[in-house]
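Heads up: the structure comes next, in structure tokens.
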Amino acid sequence: MKKIVVLGGGAGGLELVTRLGHSLGKRKHAEITLIDRSQTHIWKPLLHEVATGSLDINTDGINYRAHSTKHYYKFKLGTAYDIDPDNKVIRLESIHDDKGHEVLPSREVSYDILILAVGSVSNDFGTPGVADHCYFLDSHRQAERFQQALLQQFMRVHQLGGDEKLHISIVGGGATGVELSAELFHVADLLKTYGMTEMSKDKVKVELVEAGPRILPALPDRIATNAKKELEKLGVHVREATRITEAREEGLVTADEEVIASDLMIWAAGVKAPEFIKNIKGLETTRSNQVMVKGTLQSTLYDDLYVIGDCCACKQANGNFVPPRAQSAHQMASLVHENILASFKNEPLKDYEYKDYGSLVNLSRYSTVGSLMGNLMKGSMFVEGRLARFVYVSLYRLHLIAIHGWFKAMIILAAQRIGKVVKPKLKLH
């Protein structure tokens, strides 16, 4: 029986392993395994809500081990540090408890077919001080770490009262930075209902710093322009064409040697695949560590190694690479599932064709803007307000359906709505 391993349980990885479990694992046609460094899955576009406490990973996350028992695959906890494509082996780091005692030694996991779905991490471009003084939002652990620091700062501002302010700087004007900026104001206002009467959005000063000429560089101009207007209405100071050269304890330093004083700093600029990928012998990688693939999403040198999601460097017919978005990871997962089934039947594999269904940016409860349909129409349709918000929420619902099925996904969504009524709207611990 063939061993199929999916490395990485993000949006694409979890959707793919779920499909493989039902199509091959259930029928004992293959042994399906998911490896991830975390026990819990959270949809990455929602990490900014985890970071502000709007979303609680303990109630809204998906436990891989529990999910695997119902979808016919196995789950292994582990962090990959090397892959040997010639011998078809993945090497995992040892696991230690919170006291540093070794729980599991380093291990090797063999495979017949491997799907790399390890996602991406923020790229600090070697900027001095960033690793020491800035928070990152690449995983739910990092998001929770920031949430704890944010809550402490909110408590400080509330306790001191008066003219005390909370200064937050966000480097990176992509979707994460933009959505986090708006969510911070919403959370600050909500705190008034939970005993922090001194808190309000007026107590929060947010600097959004983008090195490029405009925020949301990957999205159409109209979306970026409208998002900027909405952010500035909230009170966000949007700095475009501003390059950060250093992060210090007291704040960020720009190329013009201006110091942006900050109590909290978040680095959300640029993405790259995890560092270990560039050291894998035999793989073609880009400067951002992404793995080059053929049209079938197989690596250029190994047909038994597929790559999906943010770590995949897939060149389109127009010469551009497929953008690192949740929708592309979803589409890639679907195609790889089809191609693996085709390979079992000795049928020809299909090439991947990226379909742009548009882009949406959610500015918390204040606004949602974006474009719909993308290349399905001649041009795109600009949307905002309630319609855009409805579509944005629907994307998460479709993800839940893909990994749970219609029935259970509807139950989960109903339970989440009930939870919002009976639970606090913020994680306060």
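All values below come from the heavy atoms of this structure, side chains included, with hydrogens, waters and symmetry mates left out.
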Can you see whether Thr300 engages Glu284 through a side-chain donor-acceptor pair at a distance of less than 3.5 angstrom? yes
Do His48 and Glu183 have a side chain donor and acceptor closer than 3.5 Å? no
Phe146: ring pair (Phe, Tyr, Trp, His ring centres under 6.0 Å) partners, not counting sequence neighbours: Tyr135
Would you check if there is a donor-acceptor pair between the side chains of His140 and Thr40 at a distance under 3.5 Å? no
Would you compute the distance between atom OH of Tyr111 and atom CD1 of Ile83 and round it to the nearest 0.5 angstrom? 6.5 Å
Run Ile90 and Ile35 through side chain to side chain contact (heavy atoms under 4.5 Å, CB included) and show every step you take. CA-CA 10 Å; Ile90 305 163; Ile35 301 175; 4.2 Å; yes
Quick check: His67 with Tyr73 (ring centres under 6.0 Å apart)? yes
Under 3.5 Å, is there a donor-acceptor pair between the Thr286 and Ser288 side chains? yes
Are the charged groups of Lys203 and Glu164 less than 4.0 angstrom apart, N to O? no
So do Leu24 and Ile4 actually touch side chain to side chain, heavy atoms under 4.5 Å? yes
Looking only at non-hydrogen atoms, find the nearest pair between Ala117 and Gly13 and report the distance. CB-CA, 3.9 Å
Tell me, please, which residues at least two apart from His399 pass ring pair (Phe, Tyr, Trp, His ring centres under 6.0 Å). His41, Trp43
Scan side-chain atoms only and decide if Ser122 and Asp138 contain a donor-acceptor pair under the 3.5 Å cut-off. yes
Can you confirm if the aromatic rings of Tyr64 and Phe75 lie within a centre distance of less than 6.0 Å? yes
Whether the Gln153 and Arg156 side chains hold a donor-acceptor pair (N or O, under 3.5 Å, no angle test) is what I'd like checked. yes
Can you confirm whether the side chains of Glu15 and His330 place a donor and an acceptor under 3.5 Å from each other? yes
Please determine whether a side-chain nitrogen of the Lys or Arg among Lys272 and Glu275 lies less than 4.0 Å from a carboxylate oxygen of the Asp or Glu. yes
Inter- and intrachain pairs under ring pair (Phe, Tyr, Trp, His ring centres under 6.0 Å), touching residues 3-27, at least two apart: His22-His71, His22-Tyr72
Just by distance, no angles: are the side chains of Tyr81 and Asn279 close enough, under 3.5 Å, to form a donor-acceptor pair? no
Salt bridge present between Arg248 and Glu246 (N-O < 4.0 angstrom): yes
Any Lys/Arg nitrogen of Arg239 or Glu258 sitting under 4.0 Å from an Asp/Glu carboxylate oxygen of the other? yes
Without hydrogens or angle criteria, can the side chains of Thr285 and Gln290 be said to hold a donor-acceptor pair below 3.5 Å? no
Test: Arg91 and Asp82 ion pair at under 4.0 Å: yes
Strictly by modelled atom types, are His186 and Ser54 linked by a side-chain donor-acceptor pair under 3.5 Å? no
